[in-house]
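Heads up, the thing below is written out as structure tokens.
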Amino acid sequence: MNSPDQANELTRQSLTLDQPDDWHLHLRDGDALATTVPHTAAQFARAIVMPNLKPPVTSLQAASEYRDRILSARPSGSEFDPLMTLYLTDSLAPNEVETAFNSGIVQAVKYYPAGATTNSDSGVSHMSAVMPVLERMAKIGMPLLIHGEVTDHEIDIFDREKVFIETLLEPLCRELPTLRVVLEHITTRYAVEFVNAAPANVAATITVHHLLFNRNHLLAGAVRPHYYCLPILKRSSHQEALIAAATSGNPKFFLGTDSAPHARHAKESDCGCAGIYTAASAIELYAEVFEDAGALDKLEGFASHYGPDFYGLPRNTNKITLEKKSWQMPSSFTLAQDELIPLRAGESIAWRLAK
């Protein structure tokens with residue numbers, strides 16, 4: 001039976017929040033920005049933009065030029081602010097990282113293990129190769145954003161996050177205890193436990209698709225390519241741990257969609273690419289999760305407060321309102337010259353962002 005507070009949450013018909021931010025986002029580049037930027041700007045005031053372009057964003061100049069292209073794709077009147085990142089490679093120089101951070105344009109550095117996910121071929125080959133950069137980041141207080149998976153093909157894909165934490169992340173945090181770390185798009189109970197036990201300079205983002213789905217949705221009955229992402233969806237017990245963390249009110253956990261657009265033909269192929277596109281409905285889908293958990297009162301902290309607090313940025317003062325009005329997600333969007341299938345394509349969504 002629901003408590004009185006939960007009953008009030010479950011019957012609420014509207015919800016006003018400080019405008020949220022997305023602390024993990026893929027926008028792509030070129031003509032794709034005409035779709036991805038307006039979708040994000042309609043909901044979020046700011047977003048941490050991933051640097052895994054081809055070629056990757058590895059300098060302040062490249063980040064500044066990419067930011068200008070994003071700004072050019074903003075809808076008229078939008079104040080959406082893209083927060084840029086650099087892609088950590090074995091050859092990235094500590095001075096370049098510090099210069100980028102001091103510019104105010106680049107907020108963080110992204111760590112991809114080489115080969116871990118889309119456009120990660122230029123990623124880190126071994127932690128020792130990037131220790132000079134990480135030491136400089138610890139000194140200047142620059143966040144390291146981590147795709148936390150090992151890439152050893154002998155390790156089961158469902159165990160790769162756990163093994164990364166045990167063999168690489170825990171030793172790194174011991175060696176550089178002041179390094180500010182965001183373990184991105186966490187997917188397991190082990191990641192929740194690690195972040196809970198870590199000091200305040202370690203946090204995590206949680207995607208809405210990992211809150212909504214588990215590996216049965218991807219694999220049971222048929223393979224559903226539009227649910228394929230990396231890190232891959234895990235078993236339901238891990239999904240439950242993520243929901244508990246997101247709705248706990250713990251400021252170490254905050255919103256990061258990891259929304260990642262791919263053309264339909266690239267998803268529905270004999271070697272379908274990883275990534276789920278949620279930017280068109282992200283905050284509404286998070287509201288569904290929090291409502292189902294009886295925790296709508298915790299959504300504002302998770303979506304709007306804990307991220308800027310961790311990054312040392314001001315909270316947004318603009319507001320958004322979500323209404324309990326069902327609407328249907330379009331079956332597809334245009335992505336440059338291709339077709340993009342969003343999460344919940346053609347399906348009903350219970351909450352809607354008021355215009």
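The first residue in the sequence is number 1, and the count goes up from there. Every heavy atom of this structure was used, including side-chain atoms; hydrogens, water molecules and symmetry mates were not.
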Which distance, rounded to the nearest 0.5 Å, do you find between the [atom1] of [X] and the [atom2] of [Y]?
X      : Y      : atom1 : atom2 : answer
Asp159 : Asp152 : CG    : CG    : 11.5 Å
Tyr66  : Met84  : OH    : CE    : 6.0 Å
Gln43  : Ile283 : CD    : CD1   : 7.0 Å
Tyr228 : Leu219 : OH    : CG    : 10.5 Å
Leu60  : Glu65  : CG    : CD    : 9.5 Å

Step by step, would you call Leu296 with Trp351 a side chain to side chain contact (heavy atoms under 4.5 Å, CB included)? CA-CA 12 Å; Leu296 277 174; Trp351 289 84; 3.7 Å; yes
How are the rings of His39 and Tyr277 set relative to one another: parallel (under 30°), tilted (30 to 60°) or perpendicular (over 60°)? tilted
Could you tell me how the ring of Phe254 sits relative to the ring of Trp23: parallel (under 30°), tilted (30 to 60°) or perpendicular (over 60°)?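 It falls in the perpendicular class, over 60°.
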Taking 4.0 angstrom as the limit, do Glu288 and Arg344 come out as a salt bridge?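 A salt bridge links Glu288 with Arg344.
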Does CD in Gln61 sit with more than 12 non-hydrogen atoms of other residues, nucleotides or ligands closer than 6.0 Å?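 No.
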Crowded around Arg235 CZ? As in, over 12 foreign heavy atoms under 6.0 Å?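 Incorrect, the count does not exceed 12.
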Can you confirm whether [X] sits close enough to [Y] that some side-chain heavy atom of one is under 4.5 Å from a side-chain heavy atom of the other?
X      : Y      : result
Phe290 : Ile243 : no
Ile157 : Arg160 : yes
Lys319 : Leu17  : no
Val124 : Tyr112 : no
Lys110 : Asn52  : no
Phe253 : Thr205 : no
Thr334 : Leu340 : no
Val49  : Leu83  : no

Could you list all the side chain to side chain donor-acceptor pair (under 3.5 Å) pairs where at least one residue sits in residues 168-181, not counting sequence neighbours?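 Found none.
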Pairs where residues 132-146 contributes a residue and the test side chain to side chain donor-acceptor pair (under 3.5 Å) is met, not counting sequence neighbours: Asn95-Arg136, Glu98-Arg136
Check whether [X] reaches the backbone of [Y] with its side chain - one donor and one acceptor, N or O, closer than 3.5 Å.
X      : Y      : answer
Gln107 : Thr85  : no
Glu300 : Asp18  : yes
Arg224 : His217 : yes
Lys252 : Val202 : yes

Does a donor on one side chain and an acceptor on the other come within less than 3.5 Å for [X] and [Y]?
X      : Y      : result
Ser14  : Glu323 : no
Asp21  : Asn316 : yes
Ser326 : Ser348 : yes

Do [X] and [Y] belong to the same hydrophobic cluster, where Ile, Leu, Val, Met, Phe, Trp and Tyr are linked whenever their side-chain heavy atoms lie under 4.5 Å apart, directly or via other members?
X      : Y      : result
Ile165 : Val130 : yes
Leu86  : Ile70  : yes
Met50  : Leu71  : no

Met131 and Leu176: which non-hydrogen atoms are nearest, and at how many Å? CE-CD1, 3.8 Å
Which heavy-atom pair separates Pro225 from Glu268 by the least distance, and what is that distance?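 Where Pro225 meets Glu268 most closely, the heavy atoms are CG-CG, 4.1 Å.
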Under the criterion side-chain hydrogen bond (donor to acceptor under 3.5 Å, both in side chains), I'd like the reasoning laid out for Thr207 against Asp258: C-alpha separation, chi angles, the key distance, then a yes or no. CA-CA 6 Å; Thr207 79; Asp258 193 22; over 6 Å; no
Pair Leu144, Ile146 - check side chain to side chain contact (heavy atoms under 4.5 Å, CB included), show working. CA-CA 6 Å; Leu144 177 69; Ile146 294 179; 3.7 Å; yes
Does anything in residues 70-89 pair up under salt bridge (charged side-chain N to carboxylate O under 4.0 Å, His left out), and if so which pairs, sequence neighbours excluded?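 The answer is Arg67-Asp81.
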I'd like to check the salt bridge (Lys or Arg N to Asp or Glu O under 4.0 Å) partners of Lys162; sequence neighbours left out, ordered by chain and number.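 Salt bridge (Lys or Arg N to Asp or Glu O under 4.0 Å) check on Lys162 returns Glu166.
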Could you tell me if the ring centre of Phe213 sits under 6.0 Å from that of Tyr227? yes
Between Tyr87 and Tyr111, is the ring centre distance below 6.0 Å? no
side-chain hydrogen bond (donor to acceptor under 3.5 Å, both in side chains) between Asn250 and Asn196, intermediate numbers included: CA-CA 9 Å; Asn250 185 337; Asn196 273 325; 2.9 Å; yes
Among His26, His210, His147, which residue meets the ring-ring contact (aromatic ring centres under 6.0 Å, His included) test with His185? His147
Using the side-chain hydrogen bond (donor to acceptor under 3.5 Å, both in side chains) rule, take Asn214 and Gln239 through it: C-alpha gap first, then chi angles, then the decisive distance, then the call. CA-CA 6 Å; Asn214 59 62; Gln239 177 192 11; 2.8 Å; yes
Does NZ or CZ of Arg215 come closer than 6.0 Å to the centre of the six-membered ring of Phe158, within 45° of the ring's axis? yes
Results of side chain to side chain donor-acceptor pair (under 3.5 Å) for Thr187 - residues two or more places apart only: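 With neighbours one apart ignored, the set is Glu161, Lys234.
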Among residues at least two apart in sequence or on other chains, which ones pass side chain to side chain donor-acceptor pair (under 3.5 Å) with Ser237? none
Check against side chain to side chain contact (heavy atoms under 4.5 Å, CB included), Val181 and Asn201: CA-CA 6 Å; Val181 171; Asn201 56 299; 5.7 Å; no
Show your working on side-chain hydrogen bond (donor to acceptor under 3.5 Å, both in side chains) between His226 and Arg264 and close with a plain yes or no. CA-CA 9 Å; His226 294 286; Arg264 180 174 188 167; 5.0 Å; no
